[in-house]
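Heads up: the structure comes next, in C-alpha cells.
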Amino acid sequence: MSEQKAFNVAVVGITGAVGQQIIRLLEERNFPVGELKLLASARSAGKKIQFKDREITVEEATPDSFAGVQIAFFSAGGDISKELVPAAVKAGAVCIDNTNAFRMDPETPLVVPEVNIGEADKNKGIIANPNCSTIQMVATLKPLYDRYGIDKIIVSTYQAVSGAGARAIEELKRQSTEAVSGNPVNPDILPVSSLPVKHQIAFNAIPQIDKFLDNGFTNEEMKMIRETKKIMGDESLKVTATCVRIPVYYGHSESVYVELKSDFDIEEVKELLANSPGIVLEDEPAAQRYPLATNAAGKLDTFVGRVRRDLENPRALNLWIVSDNLLKGAAWNAVQIGEYLVQQQN
Ligand code: NAP
Ligand code: 3JN
C-alpha cells in the first residue's frame, strides 16, 4: 500500500497459526501500522516478536488492552472474541473477527471482499471473517451467481490440518513419523471436539470437522451452509456440505457441484472465472494441470480447475477449488478487509 495515515493496530492470538500470518501480511503489505499491540494468553506474555524494525513484547489480552486501538484483528477462538471484542469496540476499535462468535449476528457484516465488501460499511464495530472453507467457495462462485444465478450447491471438502491450529500441524508430523517408522500411532488432537475419542490423521481421512450437531451435520458443515447464504444474501440458496480432514499441512481443497439457474456456455464460464478478482483458473486436463494444495500453499489467490458440465444435469457444473486456508481462508481475508477500512479513511 502507498504512504497513508497510520492506524493503531492490535492482533489478538498473535502466537497462533492465523495470528502469525496476519502479522506477516501486515508487514509484507506495508499496512499503515502506527502503534502495534500483540496479544495472546498469559502463557505467551513476555515473548518478543519482530515487526519490521520493531521488537514488540506480547501482552496478555484483557478488556483493558484496547485503549487507542483503531483496528483489532481477532483470532484467539470464539470465547475470547465474545469476551474481548465488545471491550475493543467500546474503546473505539473496529474489530475484524476471525471466529464464529459474531458471524451469524444480523447486526454484524460477514465479509468476503470479492463478494460483498460494501457490507463492511454497515459495521457497528465488528466485521466477521467467514470460515475458511466458506470463503474460498463463495469467492469462486460469486461471478457465476451474478451471471447465471445459483439454485443449489453440493460441496465436499478436503481440509488441511493447519485449519485446526498449530498443535494439529505438529500432530500430523508426529503421527507420520510414528507410522512410517512402524511405531504405534497415538492420536491426540483430531477430530477437535469435547469427546475424548481421537483418530489417526496420518495416511487417513476423517469425515468430521468440529463437533456433531443433532441434525447429523458437523458444526463446520453447518457453518458452510449458513455462512454461504448470508454472504450471498440469498436464503433461498440450497447448500449441503460434507467436511473431511485430510493429511495435508496447508491448503483446503473442495469438490463443488453447482446447479445454475440459466443455461451456460462452458468456455464463457472459464473466461468469467479467469477474469474474476482473486481467482486463478488452472484448468488444462491435457497437461494434467489443475489446482493442488501444495501449489496453493503460501499464495493469496483461490485456484479453480476441473471445470466441467455435469453429465446428468446440463445446467450444473463440477469444480475443484483450492486455497491456502490460513491466508485467503483467514489472515488474508481479514487483512484485505483492514486495507478496505484504511482506504475508506484516507
Ligand atoms: P492456534 O494456532 O491454536 O492459536 C490460538 C491463539 O489464541 C494463540 O495465539 C493463543 O495464545 C491464543 N489464545 C488462546 N487462549 C487465549 C486466551 N485465553 N487469551 C488470549 N489469547 C488466547 O489457533 P489458530 O489456528 O491460529 O486459530 C485461532 C482461531 O482463529 C480459531 O479458534 C478460530 O476461531 C479462528 N480461525 C478461523 C479460521 C477461519 O476459517 N477464518 C481458520 C482458522 C482459525 P497462546 O499461544 O498464548 O496460547
Ligand atoms: O478446521 C478447519 O479447517 C477450520 C477451522 C476453523 C475454526 C476452528 C476453530 C474455531 C473456526 C472457524 O473459523 O470457523 C473456529 C471458530 O468458529 O471460531
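All ligand and atom numbering here is 1-based and tracks the order in the structure. Along the sequence shown, residues carry numbers from 1. Note that these values count all heavy atoms, side chains included, but never hydrogens, waters or copies made by symmetry.
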Numbered atoms of ligand 1 (with element) below 4.0 Å of [X], judged on heavy atoms:
X: Thr99; result: 34 (O)
X: Ser44; result: 45 (P), 46 (O), 47 (O)
X: Pro130; result: 39 (C), 40 (O), 41 (N)
X: Gly77; result: 29 (C), 32 (O), 34 (O)
X: Gly329; result: 39 (C), 40 (O), 41 (N)
X: Asn131; result: 40 (O)
X: Ile14; result: 9 (O)

**Item:** Partner of Ile337 by side-chain contact (heavy atoms from CB on, under 4.5 Å), out of Val94, Val111, Asn123, Val112
**Value:** Val111
Purely on distance, is any nitrogen or oxygen of [X] under 3.5 Å from one on ligand 1?
X: Ala166; value: yes
X: Gly13; value: yes
X: Ile135; value: no

**Request:** Please tell me if the side chains of Lys223 and Asp210 come closer than 4.5 Å, counting only heavy atoms from C-beta onward.
**Result:** yes
**Request:** Check each of Ala40, Ser41, Ser75 against atom 6 (C) of ligand 1 and report the one with the nearest heavy atom.
**Result:** Ser75
Among protein heavy atoms, which lies nearest [atom], and at what distance?
atom: atom 46 (O) of ligand 1; value: Thr15 OG1, 2.5 Å
atom: atom 23 (O) of ligand 1; value: Gly165 CA, 4.0 Å
atom: atom 4 (O) of ligand 1; value: Gly16 CA, 3.1 Å
atom: atom 40 (O) of ligand 1; value: Cys132 N, 2.5 Å
atom: atom 37 (C) of ligand 1; value: Asn98 O, 3.1 Å
atom: atom 13 (N) of ligand 1; value: Ala76 CB, 3.9 Å
atom: atom 44 (C) of ligand 1; value: Val18 CG2, 3.6 Å
atom: atom 14 (C) of ligand 1; value: Arg43 NH2, 3.7 Å

**Prompt:** Which value, rounded to the nearest 0.5 Å, describes the distance between Thr157 atom OG1 and Asn325 atom CG?
**Reply:** 10.5 Å
**Prompt:** When rounded to the nearest 0.5 angstrom, what distance separates NZ in Lys37 from CD in Glu59?
**Reply:** 5.0 Å
**Request:** Verify side chain to side chain donor-acceptor pair (under 3.5 Å) between Gln345 and Gln70, making sure each step is shown before the conclusion.
**Result:** CA-CA 11 Å; Gln345 295 194 34; Gln70 293 163 293; 5.8 Å; no
**Item:** Within residues 105-116 or reaching into it, pairs that qualify as side chain to side chain donor-acceptor pair (under 3.5 Å) - sequence neighbours excluded
**Value:** Asp105-Thr108, Glu107-Lys124, Glu114-Lys328, Glu114-Gln336
**Message:** Ring of Tyr148, cation from Arg315 - is the NZ or CZ under 6.0 Å from the centre and inside 45° of the axis?
**Reply:** no
Measure from every N or O atom of ligand 2 to the protein's N or O atoms and keep only the pairs below 3.5 Å, writing each with atom names and distance to 0.1 Å.
from     : atom 1 : to     : atom 2 : distance (Å)
ligand 2 : 1 (O)  : Gly163 : O      : 3.4
ligand 2 : 1 (O)  : Arg245 : NH1    : 3.3
ligand 2 : 1 (O)  : Arg245 : NH2    : 2.6
ligand 2 : 3 (O)  : Gln159 : NE2    : 2.8
ligand 2 : 3 (O)  : Arg245 : NH1    : 3.0
ligand 2 : 3 (O)  : His252 : NE2    : 3.0
ligand 2 : 13 (O) : Arg103 : NH2    : 2.6
ligand 2 : 14 (O) : Arg103 : NH1    : 2.9
ligand 2 : 14 (O) : Arg103 : NH2    : 3.4
ligand 2 : 14 (O) : Asn131 : ND2    : 3.0
ligand 2 : 14 (O) : Lys223 : NZ     : 2.6
ligand 2 : 17 (O) : Asn100 : N      : 3.1
ligand 2 : 17 (O) : Lys223 : NZ     : 2.9
ligand 2 : 18 (O) : Asn100 : N      : 3.0

**Message:** Checking Asp234 against Tyr145 for the side chain to side chain contact (heavy atoms under 4.5 Å, CB included) test, could you report, in this order, the C-alpha distance in whole Å, the side-chain angles of both residues, the deciding distance, and whether it holds?
**Reply:** CA-CA 10 Å; Asp234 184 352; Tyr145 182 92; 2.7 Å; yes
**Asked** Is the centre of the Phe73 ring less than 6.0 Å from the centre of the Phe7 ring?
**Response** no
**Request:** Give a yes-or-no answer on whether the side chains of Thr62 and Asp64 include a donor-acceptor pair shorter than 3.5 Å.
**Result:** no
I'd like a table of donor-acceptor pairs (distance under 3.5 Å, sequence neighbours excluded) in which one partner is a side-chain atom from residues 288-302, with atom names and distances.
from   : atom 1 : to     : atom 2 : distance (Å)
Arg289 : NH1    : Glu284 : OE2    : 3.0
Lys299 : NZ     : Asn295 : O      : 2.5
Thr302 : OG1    : Ser323 : OG     : 3.2

**Asked** So, does Ser81 sit close enough to ligand 1 that a heavy atom of it is under 4.0 Å from the ligand?
**Response** no
**Item:** Presence of salt bridge, Glu27 and Arg24, under 4.0 angstrom
**Value:** no
**Asked** Between Glu170 and Lys173, does at least one N-O distance fall below 4.0 Å, as a salt bridge requires?
**Response** yes
**Request:** Could you tell me whether Arg174 atom CZ has more than 12 heavy atoms of other residues or ligands within 6.0 Å of it?
**Result:** yes
**Request:** Might you work through the salt bridge (charged side-chain N to carboxylate O under 4.0 Å, His left out) test for Glu268 and Arg147, ending with a clear yes or no?
**Result:** CA-CA 10 Å; Glu268 188 189 74; Arg147 172 72 180 81; 3.1 Å; yes
**Item:** Set of residues satisfying side-chain hydrogen bond (donor to acceptor under 3.5 Å, both in side chains) with respect to Thr228, sequence neighbours excluded
**Value:** none
